[in-house]
Amino acid sequence: MEQEIPKQYSPHDVEERIYQTWEKSGFFNPDNLPERHKKPFTIAIPPPNITGSLHLGHALNATIQDILIRKKRMEGYRTLWLPGTDHAGIATQNVVEKQLKKEGLSRHTLGKEKFIERIWQWKEQYGNTILEQLKKLGASCDWSRTRFTMDDNYQKAVKEAFLHYHKKGWLYKAEKVINWCARCATSLSDLELEYKEINSKLYYINYPIKDSKNYITVATTRPETMLGDTAVAVNPTDERYKNVVGKILILPIHHREIPVITDEKVEKEFGTGAVKVTPAHDLLDAEIGERHKLPVIKVIGPDGKMTAEAKKICEGTKVSECREKVIEELKKEGALEKEEGYMHNIAVCYRCETPIETIPSLQWFLKMDELAKKAIDTVKNGDIIFHPKRWENVYFGWLNNIRDWTISRQIWWGHKIPIKGEEDVLDTWFSSALWPFATLGWPFDFALGKPKKGSDLEIFYPTAMLSTARDIINLWVARMIFSGAEFMGKKPFNEVIIHATILTKDGKRMSKSLGTGIDPMGLIEKYGSDATRFGLIWQAMGSQDIHWSEEHVLAGRKFLNKIWNASRFILMATDKIVKTYDHRKKNPTEADKALIQYLGSMQKTVNKHVDKYEFGHALHELYDFFWHEFCDIYLETAKKQLQDDEQKENTKELLSYALSTSLKLLHPFIPHITEHIWGLLPHKDKKLLIIEEWEDKTH
RNA sequence: GGGCGACUAGUUCAGUGGCAGAACGUUCGCUUCACAUGCGAAAGGUUGUUGGUUCGAUCCCAACGUCGCCCACCA
């Protein structure tokens, strides 16, 4: 025995083989689980984008889900962890466009049909990267049920959802001021914006009052939009401007006449207290414009260039060039009062970081009032609980101030709007919102308000919980909640876990572009999957942000070695392995009794922690027990007891019992090594640890 | 501008209204028959600052500071 088992545990020989054993067993698929697995327990994975590769956040989230699934599976649940990927409209289109660019092509030279073909090719080649990486991490997903948000069935689900909303009269098409990315040439929802702080300038421009030598000074960060100004607004209570309200101003450069109006939304404190109003290119201005029935002059086009309305000085130029020209002209006219440095946030596209233009555009909108109400009620009633609870405020905050959802996108890759003559596609998140039930067979297995008997939809919906990052609480979680309520008449999950965000050691955001990201695959190569999982979970205390520290992965590796060697010792010392132990029938020593007690309380604590989603605490508990109570103290005593003829047999039995119990409890956290050792133990009834009974029924 | 969170050992973090803990790192001693990825020991802290409540505060409260995150139509 001693020669067969090496002193050092080397994960790489083991992990891949063990994973294959699991896959071959079929137990990832709930249909193959033994008889005792009855009550369903489902998790739908947050589908990663097909463009992505695994980062530490994914790895943490996958480990959390795998821990829950594995524990529940051992507890006798009929567990389904459903995997899949998201087609990620804009992101994917951009990636393939970049690829084309390298070949000297563009999507326009290729044409729509060929371009979409290219994306499918790309998807076949790279689209499963993350799923393959999740396998390396040990994820026990049912790969036979893998879904993609552009599968045929999924497309039908999206269509059904759209038509449902259409029938309800919640969909409408309108020209409204929306967010526009000129590079992606598409509209974006408010949630698809990111903000970037830039060092810009605040320009003070004098607008002369007609038939007077006086003027009003307005402050703006965007002088080029003045070409589309149709008013200047001041706060109605602003004494400074009392006498000019209602007067006519002469807009510099274009020399158009525009009125001075009052609107309560104007802040007296900012700038000069007078704001230029450009209804076409600013959201607040559009609101003011609507209230005062101001004309709308579009000076920026969907191509990001100035329109004919910008007239001779700027027509056809880029926005940034036009700004310079306008400044130049203003100086010539003596209308530029001053400029000062100004730091502020500008909106940029979340997929390509191009500054967002606000322009009027004809788009499809989904009315949100009733849907938002459903989403709010579900959480308010406690039907869905967030962990930690404070994230509910973020959720309510968004839903309470919601605007109608711009759901059309002017890109090529996505779900077509199912109405004749509409070329546009739907926002990616429109399809993601259907994930928990569209993946299970909705709408095919759904009729007369309920799922078909015996269908996946009936058995596995609603899912148990959703684990995700905080940045998609509104983008995704909220939309799933109202979609579930609307289409299934049932919440999509019982609980939402908002897991920690992994930051760099000095508390900065990890980012690929800054080179501060850490590739979990590198860690797996270096230390193995179990050690990587250990390192992640060891640091996941509550939902506190993690300042990532690799040393805990190292600690994990050492711990695995400890488990390995303790097991080696027990294998050498004992000839049989028991999974149960009734100490009432034995004659235990003080050390035996102490161990049994520790083991019992540890079991309880681990259960308690995992049930409360305190994974780090559970792992710390396991670690302390195994290393210190079991190895440092009991194993040393056991060496002596094994020399004593009276205690020998009992000691062997307790050693083997404590080891099997520890392996079970450790399995959800570090599945490969525990399964591997389990396989080396001379059990009477040989079955895989993955489906062993979690609860110890002995006394 | 609003909201939220964090601040404890060199580092990453637990924890408790009553003597402050782990891991990693460091120092010293051990090739002890499971493991040197180990064993044994040790050093290391004014618990961010200032007030308040309390017999007693690292913990509860308030203000402040630093850092981070989210939300927001101050042009």
Side-chain angles (χ1 to χ4, degrees), chain A residues 1-2 5-10 177 179 190-191 193 195 202-205 218-223 225-226 229 232-233 235 265-278 281-288 342 344-345 347 358 388 390-391 393-398 400-401 403 470-471 473-474 500-501 503-509 527 531 534-535 538-573 614 616-617 619-621 623-624 627-628 631-632 635-636 638-639 655 659:
Chain A
M1 189 66 86
E2 200 168 356
I5 306 179
K7 282 186 177 183
Q8 284 188 7
Y9 175 64
S10 45
V177 172
N179 308 303
D190 295 338
L191 291 176
L193 309 184
Y195 290 87
L202 195 57
Y203 299 89
Y204 289 79
I205 308 171
V218 300
T220 182
T221 53
R222 302 207 55 191
T225 63
M226 71 167 289
D229 281 3
V232 164
N235 190 288
K265 283 287 177 80
V266 179
E267 302 279 340
K268 284 191 269 190
E269 291 75 24
F270 187 87
T272 59
V275 60
K276 58 192 263 332
V277 182
T278 325
H281 302 294
D282 183 279
L283 213 53
L284 176 63
D285 292 7
E287 215 182 290
I288 295 175
Y342 186 60
H344 74 139
N345 285 330
T358 305
R390 64 186 144 90
W391 292 110
N393 289 331
V394 172
Y395 176 85
F396 290 134
W398 183 67
N400 283 327
N401 299 295
R403 279 207 296 261
R470 70 185 59 151
D471 47 341
I473 288 176
N474 297 324
T501 300
L503 307 170
T504 63
K505 197 160 185 167
D506 42 354
K508 296 274 174 346
R509 230 190 149 72
Y527 304 107
F534 180 100
W538 184 262
Q539 297 181 67
M541 309 300 287
S543 74
Q544 237 23 267
D545 284 353
I546 294 169
H547 289 199
W548 176 255
S549 175
E550 190 167 319
E551 64 208 24
H552 300 299
V553 180
L554 226 102
R557 188 177 63 167
K558 286 163 85 166
F559 184 47
L560 299 184
N561 205 53
K562 191 70 181 176
I563 296 170
W564 180 249
N565 279 293
S567 307
R568 214 160 61 91
F569 169 74
I570 293 166
L571 276 169
M572 284 187 277
E614 292 166 346
H617 292 86
L619 184 57
H620 280 254
E621 197 71 28
Y623 180 97
D624 285 345
W627 198 305
H628 301 302
C631 291
D632 289 351
L635 248 54
E636 293 309 316
K639 285 175 189 171
L655 277 173
L659 177 64

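The sequence lines fix the lettering, A, B, ..., with proteins before strands; numbering per chain opens at 1. These numbers come from the heavy atoms of this one structure, side chains and all, not from hydrogens, waters or symmetry mates. From a predicted model like this one, the values you see are computed outputs, not experimental measurements.
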Can you tell me how far P in B/A43 sits from the matching atom in B/G21, rounded to whole Å?
13 Å
Taking for A/His620 and for A/Lys505 the nucleotide of RNA chain B with the nearest heavy atom, the one nearer the 5' end belongs to A/Lys505
Taking the side chain of A/Arg390 as heavy atoms from C-beta outward, which of B/G5, B/G68, B/A34 is closest to it?
B/G5
Judged by nearest nucleotide, the residue sitting upstream toward the 5' end of RNA chain B, A/Phe569 or A/Asp624, is A/Asp624
When rounded to the nearest Å, what value does the distance between P atoms of B/A20 and B/C61 take?
22 Å
Check A/Leu635 against A/Ala566 and note the closest heavy-atom contact, atom names and distance.
CD2-CB, 4.1 Å
Suppose we screen for salt bridge (Lys or Arg N to Asp or Glu O under 4.0 Å). Which residues come up paired with A/Arg403, at least two apart in sequence or across chains?
A/Asp190
Could you work out, with side chain to side chain contact (heavy atoms under 4.5 Å, CB included) as the rule, every residue matching A/Glu636, not counting sequence neighbours?
A/Lys639
Has A/His547 got a side-chain N or O lying under 4.0 Å from the OP1 or OP2 atom of B/C13?
yes
How far, in whole Å, is B/U53 from B/A41 if one measures between their C1' atoms?
43 Å
Determine the interatomic distance between C1' on B/C35 and the same-named atom on B/C39; round to the nearest Å.
10 Å
For the OG1 atom of A/Thr358 and the CG atom of A/Asp282, what is their distance to the nearest 0.5 Å?
6.0 Å
Can you tell me how far P in B/A6 sits from the matching atom in B/A63, rounded to whole Å?
16 Å
P spacing across the pair B/G51 / B/G44, given as an integer number of angstrom:
28 Å
Using a 3.5 Å limit on both distances, find every run of at least three consecutive Watson-Crick or G-U pairs that involves RNA chain B.
B:1-7 with B:65-71, B:10-13 with B:21-24, B:26-30 with B:38-42, B:48-52 with B:60-64
